[in-house]
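To find a chain, count down the sequence lines: A is the first, B the second, and so on, and within it residues start at 1.
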Protein chains: 2
Amino acid sequence: MSTEPAVEPRWLTDEEQFAWQCYLHATTLLEDHLDRQLQRDAGMPHVYYGLLVQLSRAPRRRMRMTELAQNAKITRSRLSHAIARLERSGWVRRENCPSDKRGQNAYLTDEGMRVLEKAAPGHVAAVRAAIFDRLTPEQVGHLAEICQVMTEGLQPQGADLPWLR
Amino acid sequence: MSTEPAVEPRWLTDEEQFAWQCYLHATTLLEDHLDRQLQRDAGMPHVYYGLLVQLSRAPRRRMRMTELAQNAKITRSRLSHAIARLERSGWVRRENCPSDKRGQNAYLTDEGMRVLEKAAPGHVAAVRAAIFDRLTPEQVGHLAEICQVMTEGLQPQGADLPWLR
DNA sequence: CGAGAGTTATTTAAGTTTTAACAACGTCGC
DNA sequence: GCGACGTTGTTAAAACTTAAATAACTCTCG
């Protein structure tokens, strides 16, 4: 019955532990900060803002639910709830997909577009203030590289997120 | 009434936009991944696991609620709920603080310690697999630097998070 | 065609987080 | 002492997320 991990796990080195601590602090603080900023200035959390951004960039400002969920890296269930809320706010609406009777398109209303345009400058300013105005161009490059490497290692296998293969 | 932002906001450059995209993808995927891993292997989300880790490292495995909330970067309210849940699981318990009658200490039970020790190897392995086994030592250094810079810029002013000064 | 299998999106219920308000205690100054 | 003010931790309600189940539709293949 040697189901146990036969070997002592490789713990993190001091450098790695330190980096991990820094990472956790920075990412949670930033996410909190952006959530508060957007909640205050645009009346929605960061994830919801991201949905509006996606829609605003899509052709005809509309997108299939599943595609939107994939781009935003959230489950379809979560997206359903989110779109329902955004619909209540009048910023997004749904329509049946012409080509697939199961499908739905979410589209950004004019009002949603206005809200987005109004919120964007403040959001960009917050992102700048937190990151890009504080990092050198080299560091920005490093950050992108590091995040790319991380993303490669995170092909989700989970129940509802088998995306990115 | 020139309340409007007088100038066109400085949008992100292409490099910055790319880095930001990478950052958002990587961080959300990683957090999702760790949440699932811990939920599956230890029956709790990442934040709760972090609380147990904090407690395990504290003297006598106990800590004041506010200090714990600060270290974990969460609000006291959120911590109250979290500890209530962990208490229901039998992994943490509360006790009155002897020196301050308002205060509470949370402490890690023996059972909580066992759960933590059982979950730790898998968690470290997941973190390794996602990050440290994929990055060069230089990149780990860069990551730590970048996150430190970000953290400096995020001194929260918000209602319940005026922490880190 | 038509059964079986997979896809799309939603719903329900349970769990978590946020927000605002609150009770209880401590501290400082007078 | 005592009153104003700050701190500690909790709570109620609303908002949000997750997990599991489901309805409706499409696709594949015999």
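- In this entry the distance linking CD1 of Ile74(A) with C1' of dC16(D) reads 11 Å, nearest Å.
- Annotation: salt bridge (charged side-chain N to carboxylate O under 4.0 Å, His left out) contacts of Arg93(B) (sequence neighbours excluded): none.
- For the segment residues 83-105 of chain B, the set of residues with a heavy atom within less than 4.0 Å of an atom of DNA chain D comprises Arg94(B), Arg102(B), Gly103(B), Gln104(B), in numerical order.
- Distance, Glu31(B) CD to dT18(D) C1': 14 Å, rounded to whole Å.
- At least one donor-acceptor pair closer than 3.5 Å links the side chain of Gln139(B) to the backbone N or O of Thr136(B).
- One can place NE2 of His81(B) at 17 Å from P of dT17(D), the figure rounded to the nearest angstrom.
- Residue pairs that meet the ring pair (Phe, Tyr, Trp, His ring centres under 6.0 Å) test with at least one member in residues 129-148 of chain A, sequence neighbours left out, are His142(A)-His142(B).
- Applying the salt bridge (charged side-chain N to carboxylate O under 4.0 Å, His left out) test to Arg57(B) and every residue at least two apart in sequence or in another chain returns nothing.
- Remark: Arg64(A), Met65(A) in residues 45-65 of chain A come within less than 4.0 Å of DNA chain C through at least one heavy atom.
- Of the residues near DNA chain D, Gln39(A) and Gln39(B), the one whose nearest nucleotide (by heavy atom distance) lies more toward the 5' end is Gln39(A).
- Under the rule for a ring pair (Phe, Tyr, Trp, His ring centres under 6.0 Å), the partners of His123(B) that lie at least two apart in sequence or sit in another chain are His46(B), Tyr49(B).
- The salt bridge (charged side-chain N to carboxylate O under 4.0 Å, His left out) contacts involving residues 10-29 of chain A comprise Arg10(A)-Asp133(B), Glu16(A)-Arg128(B), where partners must be two or more places apart or lie in separate chains.
- The separation between Arg78(A) atom CZ and dA15(D) atom C1' is 12 Å, rounded to whole Å.
- Between the CG atom in Leu108(B) and the CZ atom in Arg114(B) there is a gap of 10.5 Å [rounded to 0.5 Å].
- Applying the ring pair (Phe, Tyr, Trp, His ring centres under 6.0 Å) test to pairs two or more places apart or on separate chains, none has a residue in residues 69-122 of chain A.
- Nucleotides of DNA chain C that come within less than 4.0 Å of any heavy atom of chain A span, from the 5' end to the 3' end, dG6(C) to dT19(C).
- For the salt bridge (charged side-chain N to carboxylate O under 4.0 Å, His left out) test, residues two or more places apart in sequence or in another chain that qualify with Arg94(B) are Glu87(B).
- One can place CG of Asp35(A) at 12 Å from C1' of dA15(D), the figure rounded to the nearest angstrom.
- Between the CZ atom of Arg76(A) and the P atom of dA23(D) there is a distance of 17 Å, rounded to whole Å.
- In this structure Arg61(A) satisfies the salt bridge (charged side-chain N to carboxylate O under 4.0 Å, His left out) test together with Asp110(A), sequence neighbours excluded.
- Listed by chain and residue number, Met63(A) satisfy the side-chain contact (heavy atoms from CB on, under 4.5 Å) test with Ala58(A) (two or more places apart in sequence, or in another chain).
- Not a single donor-acceptor contact under 3.5 angstrom links the side-chain atoms of Thr75(A) to the base of dT17(D).
- Counting to the nearest Å, the P atom of dT17(D) and the NZ atom of Lys73(A) are 17 Å from each other.
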